[in-house]
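Scroll down for the structure; my scribbles are underneath it.
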Amino acid sequence: MALPLRSSEETRREFLARLGLGACALTAVGVGLTVLDYLEPKVLFEPPTEFKAGHLQDYPEGTIKFDEEHRAYIVGGQGGVFALSAVCTHLGCITRFHADEGVIACPCHGSRFDAEGNVVHGPAPRSLPWLEVKADADGNLTVDTSVVVPHGKVLKV
């Protein structure tokens with residue numbers, strides 16, 4: 001014979017029902033948080049492609065300066081200033097200028113380029129790309145690494 005239940009005691013069925021409702025509520029909160037995270041934009045903030053490269057007077061003929069952050073060379077050449085990408089056209093390694101030899105060399109696979117970015121020694125299949133260089137009225141230079149210009153386009157001094 002079963003004893004009568006007191007009203008203050010919870011039955012097994014009521015306990016399991018509350019436990020199930022709690023699990024459903026917890027799942028709903030987790031799904032809601034996942035949906036909110038999905039709706040939030042995931043934006044990659046990349047550095048700007050334009051950067052200031054100093055003044056025209058900083059680049060007399062024969063000067064080559066490497067901007068490591070922007071992976072570019074700014075070169076004072078015959079008749080003006082131009083910029084080269086420092087990314088090797090073979091497999092994308094970052095090149096280095098060797099002043100003693102007067103060449104830009106890739107440390108990974110041995111490609112060599114002259115001061116104008118022309119391939120001197122492979123395996124690089126192409127010359128280094130020339131980048132856009134602009135100057136304001138005061139002679140301050142700006143290089144845009146996202147704009148490739150034709151080989152030989154020099155900013156006149």
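Just so you know, residue 1 is the first one in the sequence shown, and it goes up from there.
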Quick one: pull up [atom1] in [X] and [atom2] in [Y] and give me the separation to the nearest 0.5 Å.
X      : Y      : atom1 : atom2 : result
Thr142 : Lys134 : OG1   : NZ    : 6.5 Å
Asn118 : Leu128 : CG    : CG    : 8.5 Å
Asp136 : Leu141 : CG    : CG    : 8.5 Å

Ring centroids only, cut at 6.0 angstrom: are Phe66 and Tyr73 within range, meaning strictly under it?
yes
Relative to the ring of His70, is the ring of Phe51 parallel (under 30°), tilted (30 to 60°) or perpendicular (over 60°)?
parallel
Residue Glu101 excluded, over 12 heavy atoms near CD under 6.0 Å
yes
I'd like to know if the side chain of [X] reaches the main chain of [Y], judged simply by a donor and an acceptor atom lying under 3.5 Å from each other, with no hydrogens or angles considered.
X      : Y      : result
Trp130 : Ser85  : no
Asp138 : Asn140 : no
Asp67  : Arg71  : no
Lys153 : Val133 : no
His55  : Gln57  : yes
Glu14  : Thr11  : yes

Scan residues 36-102 for pairs that pass disulfide bond (SG atoms under 2.5 Å apart), counting only residues two or more places apart or in two chains.
Cys93-Cys108
Heavy atoms only: give me the nearest [X]-[Y] pair and the separation to one decimal.
X      : Y      : value
Gly77  : Phe82  : CA-CE2, 3.9 Å
Pro107 : Thr95  : CD-CA, 4.2 Å
His151 : Glu116 : CE1-O, 3.2 Å
Val149 : Leu131 : CG2-O, 3.7 Å
Thr49  : Ser146 : OG1-OG, 3.5 Å
Pro123 : Ser111 : CD-OG, 3.2 Å

Residue pair His90, Arg126: steps toward the side chain to side chain contact (heavy atoms under 4.5 Å, CB included) verdict
CA-CA 8 Å; His90 177 232; Arg126 296 178 308 284; over 6 Å; no
State, with a plain yes or no, whether a side-chain heavy atom of Val87 is found less than 4.5 Å away from one of Ile94.
yes
Asp58 side chain reached by Thr63 side chain, heavy atoms, under 4.5 Å:
no
How far apart are the C-alpha atoms of Ile104 and Leu84, what are their side-chain angles, what is the distance that settles it, and do they pass the side chain to side chain contact (heavy atoms under 4.5 Å, CB included) test?
CA-CA 10 Å; Ile104 298 170; Leu84 299 169; 3.9 Å; yes
Can the positive tip of Lys65 be found less than 6.0 Å from the middle of the six-membered ring of Tyr59, inside 45° of the ring normal?
yes
Determine whether Leu21 and Leu26 fall in the same hydrophobic cluster, where Ile, Leu, Val, Met, Phe, Trp and Tyr are linked whenever their side-chain heavy atoms lie under 4.5 Å apart.
no
Are Arg18 and Arg13 close enough, and set up right, to give a side chain to side chain contact (heavy atoms under 4.5 Å, CB included), and what steps lead you there?
CA-CA 9 Å; Arg18 287 179 204 245; Arg13 179 174 291 182; over 6 Å; no
Could you walk me through whether Val103 and Phe97 satisfy the side chain to side chain contact (heavy atoms under 4.5 Å, CB included) test, starting with their C-alpha distance in whole Å, then the side-chain angles of each, then the deciding distance to 0.1 Å, before giving a yes or no?
CA-CA 6 Å; Val103 297; Phe97 177 65; over 6 Å; no
